[in-house]
Amino acid sequence: MLRIFFLLFPLFLLADSFITKDEYAKMLYQNPRGIGCHKCHGIEGRGMVIGKFKKDSNTTVVLRAPDITKLSYKKFQEALTASKHKLMPHYFLTKYEIKILYYYLKKRAK
Ligand code: HEC
């Protein structure tokens, strides 16, 4: 019995050094092989103003990134695989990465 314990003990130590799903999800959100999602959608994914410019003397145009915490998975996935957006860059994420990002954002929905 004791021998088995000593054989298995190093495995517990190893398991401890892996990152959790939550840590991985946060990392990916901030570094998705391209500009981090948080730079436009905010760290909590609730959207924010990303820029303003004056179109003419009476008109100021406000550019916003939308709240992305309340979308259905279908919409979310479609947006991330669409090839053209007005402002958002195109990403090359795997199906698994899209799922992980969705998981991250669902946890932040209010
Ligand atoms: C440069 C700013 C910017 C970055 C970086 C960015 N987005 Fe966006 N995102 C936008 C804007 C702006 C829109 C609205 C559509 C448009 O104008 O392109 C949008 C739209 C979306 C939508 C669709 C929202 C809807 O209501 O249909 C999703 C989903 C999304 N972004 C997820 C992400 C994820 C996940 C990342 C990181 C991998 C990311 N975005 C990075 C600016 C950004």
Side-chain angles (χ1 to χ4, degrees):
M1 186 60 202
L2 201 62
R3 195 188 265 157
I4 290 173
F5 176 78
F6 279 113
L7 272 173
L8 293 177
F9 189 63
L11 287 178
F12 289 116
L13 288 179
L14 263 181
D16 215 36
S17 64
F18 289 124
I19 59 168
T20 65
K21 185 178 177 184
D22 284 29
E23 285 166 341
Y24 174 60
K26 188 176 178 197
M27 257 174 53
L28 191 63
Y29 184 71
Q30 294 184 31
N31 192 8
R33 290 191 303 282
I35 172 170
C37 316
H38 66 299
K39 295 258 169 79
C40 292
H41 294 281
I43 193 73
E44 298 294 313
R46 305 245 174 72
M48 61 187 208
V49 171
I50 53 179
K52 283 184 192 169
F53 64 91
K54 267 202 177 304
K55 202 170 169 190
D56 54 51
S57 52
N58 318 314
T59 333
T60 303
V61 178
V62 180
L63 303 172
R64 281 178 186 283
D67 183 332
I68 50 171
T69 62
K70 294 176 188 78
L71 299 167
S72 66
Y73 182 71
K74 189 171 180 286
K75 278 214 148 183
F76 184 75
Q77 185 271 123
E78 276 168 7
L80 286 169
T81 48
S83 54
K84 263 262 166 275
H85 289 288
K86 269 189 282 172
L87 292 168
M88 187 166 127
H90 181 62
Y91 290 94
F92 298 90
L93 299 159
T94 64
K95 229 178 187 174
Y96 178 69
E97 287 171 331
I98 294 175
K99 279 205 174 118
I100 287 280
L101 288 171
Y102 191 71
Y103 164 85
Y104 174 86
L105 292 160
K106 274 292 134 180
K107 279 198 139 184
R108 278 149 187 88
K110 264 199 180 147

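Everything numeric here is computed off the predicted structure, so don't read it as measured data. In listed order, ligands and their atoms are each counted from 1. The chain is numbered in sequence order, starting from 1.
- Ring orientation note: the planes of Tyr73 and Phe76 are tilted relative to one another, at an angle of 30° to 60°.
- For residues 34-72, there are no ring-ring contact (aromatic ring centres under 6.0 Å, His included) pairs, not counting sequence neighbours.
- Using modelled atom types, one side-chain atom of Tyr102 and one backbone atom of Leu71 make a donor-acceptor pair closer than 3.5 Å.
- Short contacts between ligand 1 and Pro89, defined as distances under 4.0 Å to a heavy atom of the residue, involve ligand atoms 1 (C), 3 (C), 4 (C).
- At a cut-off of 3.5 Å, with distance as the only test, no side-chain donor of Thr20 or Asp22 sits close to an acceptor on the other residue.
- More than 12 non-hydrogen atoms from other residues, nucleotides or ligands lie less than 6.0 angstrom from NZ of Lys70.
- Contact check on Lys110 versus Glu44 returns no salt bridge, with no Lys/Arg side-chain nitrogen under 4.0 Å from an Asp/Glu carboxylate oxygen.
- Remark: ligand 1 atoms within the under-4.0 Å shell around heavy atoms of Gly36 are 5 (C).
- Neighbouring protein atoms of atom 8 (Fe) of ligand 1 (N, O or S, distance under 2.8 Å, waters ignored): His41 NE2, Met88 SD.
- The atoms of ligand 1 that sit less than 4.0 Å from any heavy atom of Pro32 are 38 (C).
- Summarising the local packing, NZ of Lys75 is surrounded by 12 or fewer heavy atoms from other residues, nucleotides or ligands at distances under 6.0 Å.
- Remark: the backbone N or O of Ala82 is paired with a side-chain donor or acceptor of His90 at under 3.5 angstrom.
- The protein heavy-atom contact nearest to atom 12 (C) of ligand 1 is Arg64 O, 3.5 Å.
- Protein non-hydrogen atoms do reach within 4.0 Å of atom 42 (C) of ligand 1.
- Regarding atom 27 (O) of ligand 1, its nearest protein heavy-atom neighbour is Leu71 CD2, 4.1 Å.
- Not close to ligand 1: Gly45, with no non-hydrogen atom less than 4.0 angstrom away.
- Residue Tyr91 has no N or O atom closer than 3.5 Å to an N or O atom of ligand 1.
- Formation of a donor-acceptor pair under 3.5 Å by the Arg108 side chain with backbone atoms of Ile68 is not found in this model.
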**OP:** Quick one: do Tyr24 and Ile100 satisfy side chain to side chain contact (heavy atoms under 4.5 Å, CB included)? Show the steps, please.
**Re:** CA-CA 8 Å; Tyr24 174 60; Ile100 287 280; 3.9 Å; yes
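- When heavy-atom distances to ligand 1 are checked against a 4.0 Å cut-off, Leu105 has no atom that comes that close, whether in backbone or side chain.
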